[in-house]
Amino acid sequence: MKAALVGVDGTLLHRARRSTGRERGPDSVVADILDFAADLRAHGIEHYGEPARAAGVAVPGIIDEAEGVAVYSANLGWRDVPLRARLTERLGVPVALGHDVRAGGLAEGRIGAGRGTDRFLFVPLGTGIAGAIGIDGRVEAGAHGFAGEIGHIVVRPGGAPCPCGQRGCLERFASASAVSEAWAAACGDPGADAADCAEAVAAGDARARAVWQEAVDALADGLVTALTLLDPRTLIIGGGLAEAGETLFTPLREAVRRRVTFQKLPSLVPAALGDTAGCLGAGLLAWDLLETAGSPAPSAPSEVTA
């Protein structure tokens, strides 16, 4: 878990981390989040003279943002957790609940790599692949909270099975975990990962280049499908795989360019906020909640857990 105190302009004032305690069960995760938030509130009082005015929490999985319920989160073992109500009861302040990737996309679009962009698509490449669709300073959740699931676009029909039930999904070929798996098999080292593959690519290893190019081609196919549907002005790529820098971005820009025909080619840029994006996005959700409610802008930081 990552947590932060976030100022009204998105300034990161304080940050902290803790284990989720997942090994003790799903109820323990909820209890740890409540304790973490309370401690963060106390930090705000001690260091800024008053408590935070609102809280934002961003979690993975299926989120009902309107009802404030974490519907399903496989990583945490959650089903139908009324997280907003629990936090509101504990903290006594308004609470916004959001999806982790959409919260990160909100931060990247508003104060990060997409600052000033009216339409963007944020795609973090991590254990899986998700997306956040940015429109005029907000992020689209969709009718049922599933918007942006680019990782489950089928790019290789009949390909590797995906836990979602389909075959050939983008994240089975272009996520950091997929590249790690492919490179470990290619080099014969079970402990090798995507970062090792990127280093081998930069060193000119032919096997690594083949693995890398397969991932880049799959990613370009998925991105071009997305930009055909969404017409973003900017594509923001983040997550662990993006840490390879131009080892990823140079071939990816070229692969996307080759696939574009009538579409307008968007800018393709690396994410700017790193692993603080989720916390900052949760903080922005909290500030937006206060603004929507008509509360005056406070001088104190906004408390977030993410």
Side-chain angles (χ1 to χ4, degrees), residues 1-2 17 19-20 22-23 60-61 73-76 100-101 104-105 108 121-132 148-223 225-226 235-256 268-271 273-278:
M1 298 187 289
K2 297 186 288 288
R17 293 173 181 255
S19 168
T20 61
R22 172 66 179 88
E23 68 281 358
S73 181
N75 291 346
L76 301 175
D100 59 344
V101 172
E108 284 288 354
L121 177 63
F122 169 59
V123 181
L125 309 173
T127 303
I129 299 178
E149 289 291 348
I150 185 176
H152 297 289
I153 290 177
V154 174
V155 294
R156 300 292 182 265
C162 180
C164 80
Q166 300 184 117
R167 300 184 71 92
C169 288
L170 174 60
E171 70 175 40
R172 295 296 295 119
F173 298 91
S175 63
S177 57
V179 173
S180 295
E181 182 180 337
W183 176 234
C187 73
D189 178 3
D193 61 14
D196 298 324
C197 185
E199 290 180 5
V201 170
D205 187 293
R207 297 170 302 170
R209 287 183 173 180
V211 168
W212 199 256
Q213 192 61 51
E214 181 180 8
V216 166
D217 286 340
L219 181 56
D221 288 340
L223 290 176
T225 297
L235 286 173
I236 305 170
I237 308 299
L241 212 59
E243 294 177 6
E246 287 306 312
T247 299
L248 173 66
F249 284 93
T250 296
L252 181 59
R253 290 190 183 102
E254 176 59 21
V256 170
L268 199 160
V269 300
L273 302 176
D275 68 356
T276 65

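Positions are given from 1 along the sequence. Because the structure is a prediction, the values reported are computed rather than measured.
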Review point. Where do A130 and I150 come nearest, in terms of heavy atoms and distance?
Key: O-CG2, 3.4 Å

Practice item. Using atom types as modelled and distance alone, determine if a side-chain donor or acceptor of S177 lies under 3.5 Å from a backbone N or O of T127. Key: yes

Point to revise | Distance, nearest 0.5 Å, that separates CG of D275 from NZ of K2 | key: 5.5 Å

Check your understanding: Could you state the interatomic distance from CG (L235) to CG (L268), rounded to the nearest 0.5 Å?
Key -> 5.0 Å

Exercise for review: Verify, without hydrogens or angle tests, whether D196 (side chain) and D193 (backbone) share a donor-acceptor contact under 3.5 angstrom.
Suggested key: yes

Check your understanding: How long is the span from the CD atom in E254 to the CZ atom in F249, to the nearest 0.5 Å?
Key -> 15.5 Å

**Study point:** Donor-acceptor under 3.5 Å (S175 side chain, L125 main chain)
**Key:** no

Study note, to complete from the structure: Between C187 and R207, the two heavy atoms sitting closest are CA-NH1, 3.6 Å

Point to revise | Rounded distance (nearest 0.5 Å) linking atom CG of L170 with atom CD1 of I129 | key: 4.0 Å

Exercise for review: Could you check E246 against R253 for side-chain contact (heavy atoms from CB on, under 4.5 Å), going step by step and ending with a plain yes or no?
Suggested key: CA-CA 10 Å; E246 287 306 312; R253 290 190 183 102; 3.1 Å; yes

**Study point:** Flag, side chain of Q166 to backbone of H152, donor-acceptor distance under 3.5 Å
**Key:** yes

Exercise for review: Please answer whether the main-chain N or O of G159 pairs with a side-chain N or O of R167 as donor and acceptor at a distance below 3.5 Å.
Suggested key: yes

Exercise for review: Look at the side chain of E108 and the backbone N and O of L273, then say whether any donor-acceptor pair between them is shorter than 3.5 Å.
Suggested key: yes

Point to revise | Considering all heavy atoms, the nearest V211-C197 contact | key: CG1-SG, 4.0 Å

Point to revise | Minimum side-chain heavy-atom gap I153-C169 below 4.5 Å | key: no

Point to revise | Distance (rounded to the nearest 0.5 Å) between L219 CG and I237 CD1 | key: 6.0 Å

Review point. Do you know which two heavy atoms are closest between A176 and L241, and how far apart they sit?
Key: CA-CD1, 4.0 Å

Revision key, fill the gap. In terms of heavy-atom contacts, S19 and M1 come closest through O-CE, 3.3 Å

Check your understanding: Quick one: does T250's side chain have a donor or acceptor within less than 3.5 Å of a partner on T247's backbone?
Key -> no

Check your understanding: Rounded to the nearest 0.5 Å, how far apart are CH2 of W212 and CG of D205?
Key -> 12.5 Å

Exercise for review: Show your working on side-chain contact (heavy atoms from CB on, under 4.5 Å) between V123 and I236 and close with a plain yes or no.
Suggested key: CA-CA 6 Å; V123 181; I236 305 170; over 6 Å; no

Practice item. For V201 and A208, work out which heavy atoms get closest and say how close. Key: CG2-O, 3.5 Å

Check your understanding: Between E214 and R156, is the closest basic N to carboxylate O distance under 4.0 Å?
Key -> no

Review point. Can you find a pair of side-chain heavy atoms, one from V155 and one from D217, that are under 4.5 Å apart?
Key: no

Review point. Okay, side chain of R172, backbone of A178: is any donor-acceptor separation there less than 3.5 Å?
Key: no

